[in-house]
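The structure presented is a predicted model; accordingly, all values stated were derived computationally and were not measured.
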Amino acid sequence: MRSNRAKVRAGVGLAATLPMLAGALALGIPAAHAADNPNRDTLAGTKPAWATAKADKGATSNSAQVSARVYLAGRDASGLAAYARAVSDPNSAAYGRYLNAEQAQARFGATKAQVAAVRSWLTSAGLKVTGVTQHYVSVTGDVAAAEKAFGTQLHNFAKGSKTYRAPSTTTSAPESLNGAVLTVTGLDNAPHKATHADQLPPPDAVFKNSGPFSSYYGSNIATTLPDAYGTKIPYAVQGYTGKQLRAAYGAGTRTGKGVRVAITDAYASPTIAFDAATYAKKHGDAAYTSGQLRQVLPKNYTKTDECGAAGWYGEETLDVEAVHAVAPAAQITYVGASSCYDDDLLDSLSKIVDNHLADIVSNSWGDIEANQTPDLAAAYDQVFQFGAVEGIGFYFSSGDNGDEVAGTGTKQVDTPANSAWVTAVGGTSLAVGKGDRYLWETGWGTEKALLSDDGKSWVNFPGAFTSGAGGGTSRTVAEPYYQKGVVPNTLATANNPAGNRVVPDIAAIADPNTGFKVGQTQTFPDGSQQYSEYRIGGTSLAAPVIAAVQALAQEARGGKPIGFANPAIYAKYGSKVYHDVTDNPTGSGLAVARVDFANGYDASEGLITSVRSLGKDSSLSAVKGYDDVTGVGSPAAGYVESYGRR
């Protein structure tokens, strides 16, 4: 996704999709000599794929204004990637030999001389430097100055029904900078509605579930409703609690004590402290200790209308309450971005890495891979690699629209879950029975059919696909070494004979029909703001659940960080520490009955009754072994403690 393109939340509400941008190049973007200018190095990937000759509408006005970021490659980009791999690989002699943030920056970050040289180059072209961090130099100026600096012409291009500005050729930087520039973002644009002093809106309108409910899977059978798959079906659960999830995923006596978990989203819920404390008290979770939940927030918020700021409150609420429910003693730091755009989300991720605010980072947002551009992919991957060097692991939702064909017409994965440097978390439908006993899981994929007017049948059963765990094969990211020998060749080579990254890596509860109960302050029809509870799902539930399970695993390892977890996750493949999730765990079709308020909050406008079939994820299938719905599976009893046995 481009730097000024909004990221979406990944699973709020009933099953909303929260996308963001992901890293496409595992080792960043290498510089190459520009054939038509021997004194400059090209910055690969900086001309968008949609900026074609056919779409070209002519030159952008020289006086138009540009805001861009020039990301710094640092003093040893290839060394950074190599070290990140070594400290993350259980088979490496360097496994777990992490650097602190200062050491990482001193060894791999940009030097003062590099920063000074980049600044001098940009200002000499007529651009104004507006900010300098250890990761980038931000600039503003007119198109003429940007063209001079980056050795390209900026043109207007048609993209769908809109027209955007973009480089007409790949950009470049002076060869004299000796590869100090990683990439530049912001030269292509999209419309936005930002001001620099936006205030956060009040909470969104209330959403409530109707019922009847099951308290655990199968506890309340819908005896008066039609059969599905030859049998009576249970009502959907009211929403699992932390106690049920801890039992399902083998928490044992672990609590995450001494482990730091960070959560990134856009904006910040103004009622999170009250909501989280109220929820914990109502559901028997441990009370928050002083300072256990804290927020690191920007000075100002932007693009609040465009990004739907209030909609992100539920995302933060879900993430915080899910982490605490599964890992009740873990420290939680929420790092809010000032908007849902790449630059701001990157700043939040960098803030965690630069200050080592946590060892585990849960991220429930993303975007489709088609919206990914290599320039930003490189910027994201650099942050993830710095995190790996420091022992920080990033966990991303895989998406909530299955193979994305229904929404985009193209089979594709989500980003940044497609990055080779993050753990992509897929989704399941979870059945927890009486006594908190794990029954089974399917790959999350839902088909919905409504009850007929006479109440005697389901209309066009099993109905249409509504949502499901994101997954599949990347078109842009090469197959990482840790997936080789585990991921079936048919999946890895689906888009490239040489093999590409397949998503996800691991999975947990995501289906809103077997979802998690959350508590949040919402705005009621009378205008009042009140705390209420509802069931929620999406892979933006799965991501914080897995992050919390990893906190338990880190505790089991004596508190030593797990870091980038994928090599360790795949090394355990095929063992009993995973539930091998399939779409048909019981040998027959599975479904639940669900009753919803027509207006989303009360019965005044009627009720809607439907049947939700489970294990129907678009063209994706959860099968025995690794699959592109649930990865290696979900954590089973023994997974947490397996990290303490090395």
Margin query: So that I know where these two stand, are Tyr71 and His135 an aromatic pair - ring centroids less than 6.0 Å apart?
Written below: no
Please determine if [X] and [Y] form a salt bridge, counting it only when a charged side-chain N lies under 4.0 Å from a carboxylate O.
| X | Y | answer |
| --- | --- | --- |
| Glu641 | Arg254 | yes |
| Asp305 | Lys303 | no |
| Asp511 | Arg594 | no |

Margin query: Within the 4.5 Å heavy-atom criterion, are Pro480 and Trp421 side-chain neighbours or not?
Written below: no
[X]: what forms a side-chain hydrogen bond (donor to acceptor under 3.5 Å, both in side chains) with it, not counting sequence neighbours?
| X | result |
| --- | --- |
| Gln105 | Gln134 |
| Thr423 | Asn566 |
| Gln522 | Ser532 |

For the residue pair [X] and [Y], categorise the inter-ring angle as parallel (less than 30°), tilted (30 to 60°) or perpendicular (more than 60°).
| X | Y | value |
| --- | --- | --- |
| Phe207 | Tyr534 | perpendicular |
| Phe394 | Phe384 | tilted |
| Tyr267 | Trp312 | perpendicular |
| Tyr578 | Tyr639 | tilted |

Item checked: Ring-face cation of Lys282 near Tyr531 (centre distance under 6.0 Å, axis angle within 45°) -> no
Check: Does the cation-pi check pass for Arg69 over Tyr136, that is, NZ or CZ under 6.0 Å from the six-membered ring centre and within 45° of its axis?
Finding: yes
Check: Between Ala322 and Val545, which heavy-atom pair has the shortest distance, and what is it?
Finding: CB-CG2, 4.5 Å
Next item on the list: Could you pull out the closest heavy-atom pair between Val326 and Leu245, with the gap in Å?
Entry: CG2-CB, 4.2 Å
Next item on the list: Show your working on ring-ring contact (aromatic ring centres under 6.0 Å, His included) between His579 and Tyr438 and close with a plain yes or no.
Entry: CA-CA 10 Å; His579 300 122; Tyr438 176 92; 3.8 Å; yes
Notebook entry, point to check: Looking only at side chains, do Ser362 and Asp319 share a donor and an acceptor under 3.5 Å apart?
Noted result: no
